[in-house]
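Take a look at the structure below.
In what follows, residues are counted from 1 in the order of the sequence shown. Heavy atoms only: backbone and side chains are in, while hydrogens, waters and symmetry mates are out.
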Amino acid sequence: MISIKGLSKHFGDLQVLKDINLEVEKGKVIVVIGPSGSGKTTMLRCLNILETPTTGHITIENKQVDFSKKVTKKAITDFRKLTGMVFQSYNLFPHKTAIENVMEGPITVKKQSKEKARNIAADLLNKVGLGDKIDYYPFQLSGGQQQRVGIARALAMEPEVMLFDEPTSALDPELVGEVLKVIKQLANEGMTMIIVTHEMKFAREVADEVIFMDGGYIVEKGNPQAIFSAPKEARTKQFLQLIQ
């Protein structure tokens, strides 16, 4: 489903990702944990080519991008269609209602009719528990509601993979649960997902595999029970002792 081989990323002289290799099976949920600055978000952004990797290959389904060669704009556009990205800070259009935010991508990118896009958007907003808020503007919604609109917007593009970059980090604690509930629902439905999070309880509950990153490397990976209860690497143990 997803294959990452030899992925690295430099920002000038700073190497942020160092020889990342990862295989993800279809329908699996991968949760990425680690300290700030460990490369988690950069890896996610490389998967969506919001950041262009310095070297390496990424394959999703039957599409591969080789970053040792020049990558065309068309190849990047085609590749991005395979992934839906949910950001920390919602990134909604403030002048558009919830349903208009969800409709935007299908109309502009997929060339769907307004009627079809609206029907799909309404169904997705119902799915994330916002069927009664479709005509609300972002400023009229709580942070948790805005994030759920962001999830619906990503799902409207019918991605093969959902990428979540700390989707609850900007939320007040009482709003975190409503967003995690939607992500759990997607996991139960078999959506392939890679989730960067600081929510360790959630990681235990939803992940098929947990990846611990530090210093631009994947230090350790395994099932949640193994990582949280019996990590092999000293750095993983140290990190978990500090946050649990």
Could you state whether [X] and [Y] fall into the same hydrophobic cluster, counting links through intermediate Ile, Leu, Val, Met, Phe, Trp or Tyr residues with side-chain heavy atoms under 4.5 angstrom apart?
X: Phe228; Y: Val32; answer: no
X: Val176; Y: Leu130; answer: yes
X: Val182; Y: Leu124; answer: yes
X: Leu7; Y: Met1; answer: yes
X: Met191; Y: Val206; answer: yes

Examine the side chains of [X] and [Y] and answer whether a donor and an acceptor come within less than 3.5 Å of each other.
X: Glu220; Y: Thr236; answer: yes
X: Thr54; Y: Ser8; answer: no
X: Thr97; Y: Asp135; answer: no
X: Asn48; Y: Thr83; answer: yes
X: Thr42; Y: Glu51; answer: no

Can you tell me how far the [atom1] atom of [X] sits from the [atom2] atom of [Y], to the nearest 0.5 Å?
X: Asp214; Y: Arg235; atom1: CG; atom2: CZ; answer: 4.0 Å
X: Ile218; Y: Glu233; atom1: CD1; atom2: CD; answer: 12.5 Å
X: Asn119; Y: Lys116; atom1: CG; atom2: NZ; answer: 10.0 Å
X: Asn223; Y: Gln225; atom1: CG; atom2: CD; answer: 7.0 Å
X: Met103; Y: Glu115; atom1: CE; atom2: CD; answer: 10.0 Å
X: Ile4; Y: Asp19; atom1: CD1; atom2: CG; answer: 11.5 Å

Heavy-atom count around [X] [atom1] within 6.0 Å, excluding the residue itself: above 12?
X: Glu25; atom1: CD; result: no
X: Lys5; atom1: NZ; result: no
X: Lys18; atom1: NZ; result: yes

Which atom pair, heavy atoms only, marks the closest approach of [X] to [Y]?
X: Ala152; Y: Leu125; result: CB-CD2, 4.1 Å
X: Leu175; Y: Ser142; result: CD1-CB, 4.2 Å
X: Ile107; Y: Ala117; result: CG1-CB, 3.7 Å
X: Ile227; Y: Leu240; result: O-CD1, 3.2 Å
X: Val31; Y: Ala203; result: CG1-CB, 3.6 Å
X: Leu171; Y: Gly144; result: CD2-N, 3.5 Å

(request) Report the relative orientation of the aromatic rings in Phe139 and Tyr137; use parallel for angles under 30°, tilted for 30 to 60°, perpendicular for over 60°. (result) parallel
(message) Run Met193 and Val161 through side chain to side chain contact (heavy atoms under 4.5 Å, CB included) and show every step you take.
(response) CA-CA 6 Å; Met193 295 189 281; Val161 182; over 6 Å; no
Considering only NZ, NE, NH1 and NH2 on the basic side and carboxylate oxygens on the acidic side, decide whether [X] and [Y] come within less than 4.0 Å.
X: Glu158; Y: Lys110; result: yes
X: Glu205; Y: Lys184; result: yes
X: Lys127; Y: Glu189; result: yes
X: Glu178; Y: Arg148; result: yes

(request) Take Val16 and Met43 through the test side chain to side chain contact (heavy atoms under 4.5 Å, CB included) and record every step on the way to the result. (result) CA-CA 9 Å; Val16 180; Met43 182 179 76; over 6 Å; no
Can you check whether [Y]'s main-chain N or O pairs, donor with acceptor, with [X]'s side chain at less than 3.5 Å?
X: Ser38; Y: Pro35; value: yes
X: Asn101; Y: Leu92; value: no
X: Gln146; Y: Leu141; value: yes
X: Gln147; Y: Phe87; value: yes

Is the shortest side-chain heavy-atom distance between [X] and [Y] below 4.5 Å?
X: Leu22; Y: Ile211; value: yes
X: Glu209; Y: Lys28; value: no
X: Ile33; Y: Val210; value: yes
X: Leu47; Y: Ile194; value: yes
X: Met157; Y: Val109; value: yes
X: Ile58; Y: Phe79; value: yes
X: Thr197; Y: Glu166; value: no
X: Ile151; Y: Phe164; value: yes

(message) What verdict does the side-chain hydrogen bond (donor to acceptor under 3.5 Å, both in side chains) test give for Asp165 and Thr41, after you've listed the backbone C-alpha separation in whole Å, the side-chain angles of each residue and the deciding distance to 0.1 Å?
(response) CA-CA 6 Å; Asp165 183 17; Thr41 291; 2.8 Å; yes
(message) Please evaluate residues Glu100 and Arg118 with respect to the criterion salt bridge (charged side-chain N to carboxylate O under 4.0 Å, His left out), reporting the C-alpha separation (whole Å), side-chain torsions for both, the decisive distance (0.1 Å), and the verdict.
(response) CA-CA 8 Å; Glu100 287 169 344; Arg118 187 175 183 86; over 6 Å; no
(request) Take Val86 and Leu163 through the test side chain to side chain contact (heavy atoms under 4.5 Å, CB included) and record every step on the way to the result. (result) CA-CA 6 Å; Val86 178; Leu163 307 173; over 6 Å; no
(request) Would you check, one step at a time, whether the test side chain to side chain contact (heavy atoms under 4.5 Å, CB included) holds for Met213 with Leu17? (result) CA-CA 10 Å; Met213 289 186 69; Leu17 294 178; 3.9 Å; yes
Extract all donor-acceptor atom pairs below 3.5 Å that involve side chains of residues 61-68 and protein atoms in other chains or at least two apart in sequence.
residue: Glu61; atom: OE2; partner: Lys26; partner atom: NZ; Å: 3.2
residue: Gln64; atom: NE2; partner: Thr59; partner atom: OG1; Å: 3.3
residue: Asp66; atom: OD1; partner: Ser68; partner atom: N; Å: 2.9
residue: Asp66; atom: OD1; partner: Ser68; partner atom: OG; Å: 2.7
residue: Asp66; atom: OD2; partner: His57; partner atom: NE2; Å: 3.4
residue: Asp66; atom: OD2; partner: Ser68; partner atom: OG; Å: 3.2

